[in-house]
Amino acid sequence: MYNEFFSEDKQRFDIMRLHIQNGVKICDPYSTIIDAEVKIGKGTVIYPSCVIQGNTVIGENCVIGLNTRLADMEIADNVSIESSVCVESRIGENTHVGPFAYIRPHCDIADNVKIGDFVEIKNSTIKSGSKASHLTYIGDSDVGERVNFGCGTITVNYDGAKKYRSTIEDDVFIGCNTNIVSPVKVGKGAYIAAGSTITDDVPEKSLAIARARQVVKEGWKKPEKEKKQAENTRQE
C-alpha cells in the first residue's frame, strides 16, 4: 500500500517537473494536481491548491489562481482564472474569470471577456468584449459583442419541463436585477431598465421597461403585536 502511494506521488511530481522545465511556474507542487494529459504553455503561473484534469490545454502567460479546478478545458493565451471551476468549455485570449465563477460544460467564451465573481455560465456562447461582472446566471444563451450584464441578471431558461435559448445581440446594456425569460431576442444596442422581467422580444436600439410602478404609502405604521403575545414572547 505504501509503495503504491509513493509511486503515485512520484508520478505526480514527475508531471509537474516536466511543466516547470518547459517554463511553467508551479507555486506549490505539494498542493497541486495535474493530470498527465494536460498541456500548459510557457510563462503560465499555477497558484496553490489547483486541480487540472483531463485533456485541458492552457495557453502561454496565463494565471491560474488559488483553488481553481479545470477539467477538459481549452484556454487561450493571457487568460486569468481566479478561484473558479471551469469544465468542458473554451475561454479566449485576455479573458478574466472569477473569483468564484462556474463555467459549466459547452460554453464558448471569446477574447477580452470578463466573467466576474459569483457568475455561472452554462451551454452558452459569449462574444468578445462582453462583461458579466457579478452575481449573474447565463444559461442556454447566445450573447453578442460588448454586452453588459448588470448585477443580478438571470436568464430564465427552464419552465419545469423544457430548456429554452435566448439571443442577446451586440452592444446590449442590461440593468441590474433583470430576468430574461427565454426564449426571447434582445436586438442590437437595446437597453433594459433595472428590475425588469423581459418576456417578449426587444427591438434594436430601444429601451425596455417591465416592472410595476412604485407605490408609496405615507404615514404607514408597522402593525403592533397584541400585549399578551408580546408578554409570552418575553417569558420564553
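Since we're looking at a predicted model, the values are computed, not measured.
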Subject >> Lys/Arg-Asp/Glu bridge criterion (N-O < 4.0 Å) met for D171, R146 >> reply: yes

Subject >> Single hit among I91, V63, I58 for side chain to side chain contact (heavy atoms under 4.5 Å, CB included) with I81 >> reply: I91

Original post:
Salt bridge check: are R17 and D14 linked by an N-O gap of less than 4.0 Å?
Top reply: yes

Original post:
Run the side-chain contact (heavy atoms from CB on, under 4.5 Å) check on I103 and V97 step by step: do they pass?
Top reply: CA-CA 9 Å; I103 309 298; V97 175; 4.3 Å; yes

**OP:** List the steps, then state whether ring pair (Phe, Tyr, Trp, His ring centres under 6.0 Å) holds for F13 with Y30.
**Re:** CA-CA 8 Å; F13 281 100; Y30 291 94; 5.2 Å; yes

**OP:** Would you check if E169 and K185 make a side-chain contact, meaning some heavy-atom pair closer than 4.5 Å?
**Re:** yes

**OP:** May I ask you to check whether S83 and N67 show a side-chain donor-acceptor distance below 3.5 Å?
**Re:** no

Original post:
Between the side chain of S130 and the main-chain N/O of V113, is any donor-acceptor distance below 3.5 Å?
Top reply: no

Original post:
Got more than 12 heavy atoms from elsewhere within 6.0 Å of NZ, K122?
Top reply: yes

Subject >> For P29 against M16, the heavy-atom pair lying closest together >> reply: O-CE, 3.2 Å

Subject >> Over all atoms of both residues, closest heavy-atom pair of D200 and I198 >> reply: O-CG2, 3.3 Å

Original post:
Is it true that atom OH of Y47 has more than 12 heavy atoms of other residues, nucleotides or ligands lying nearer than 6.0 Å?
Top reply: no

Original post:
Hey, does I180 have a side-chain heavy atom less than 4.5 Å from the side chain of I168?
Top reply: yes

**OP:** Compare all side-chain heavy atoms of R104 with those of N123 and state whether any distance is below 4.5 angstrom.
**Re:** no

**OP:** For the pair D159 (side chain) and K162 (backbone), establish whether a donor and an acceptor sit closer than 3.5 Å, ignoring hydrogens and angles.
**Re:** yes

Original post:
So if you build clusters from Ile, Leu, Val, Met, Phe, Trp, Tyr with side-chain heavy-atom gaps below 4.5 Å, do F100 and V51 land together?
Top reply: no

Subject >> For A101 against G116, the heavy-atom pair lying closest together >> reply: CB-O, 3.6 Å

**OP:** Work out which heavy atom in P99 is nearest to a heavy atom in S84; give both atom names and the distance.
**Re:** C-OG, 4.0 Å

Subject >> Salt-bridge criterion met for R90 and D108 (N-O under 4.0 Å) >> reply: yes

Original post:
Does T95 reach the main-chain N or O of N112 with its side chain, forming a donor-acceptor pair under 3.5 Å?
Top reply: yes

Original post:
For Y164 and D140, does a side-chain donor sit closer than 3.5 Å to a side-chain acceptor?
Top reply: no

Original post:
Is it the case that one hydrophobic cluster holds both L135 and V119, taking links as side-chain heavy atoms less than 4.5 Å apart, direct or via other members?
Top reply: no

Original post:
If you look at every heavy atom in H106 and S89, which pair is closest and at what distance?
Top reply: N-OG, 3.5 Å

Original post:
Does H19 reach the side chain of I46, with side-chain heavy atoms less than 4.5 Å apart?
Top reply: no

Original post:
Are I52 and V85 connected, step by step, through hydrophobic side chains (Ile, Leu, Val, Met, Phe, Trp, Tyr) whose heavy atoms are closer than 4.5 Å?
Top reply: no

Original post:
For Q53, does the CD atom have more than 12 heavy-atom neighbours from other residues, nucleotides or ligands under 6.0 Å away?
Top reply: yes

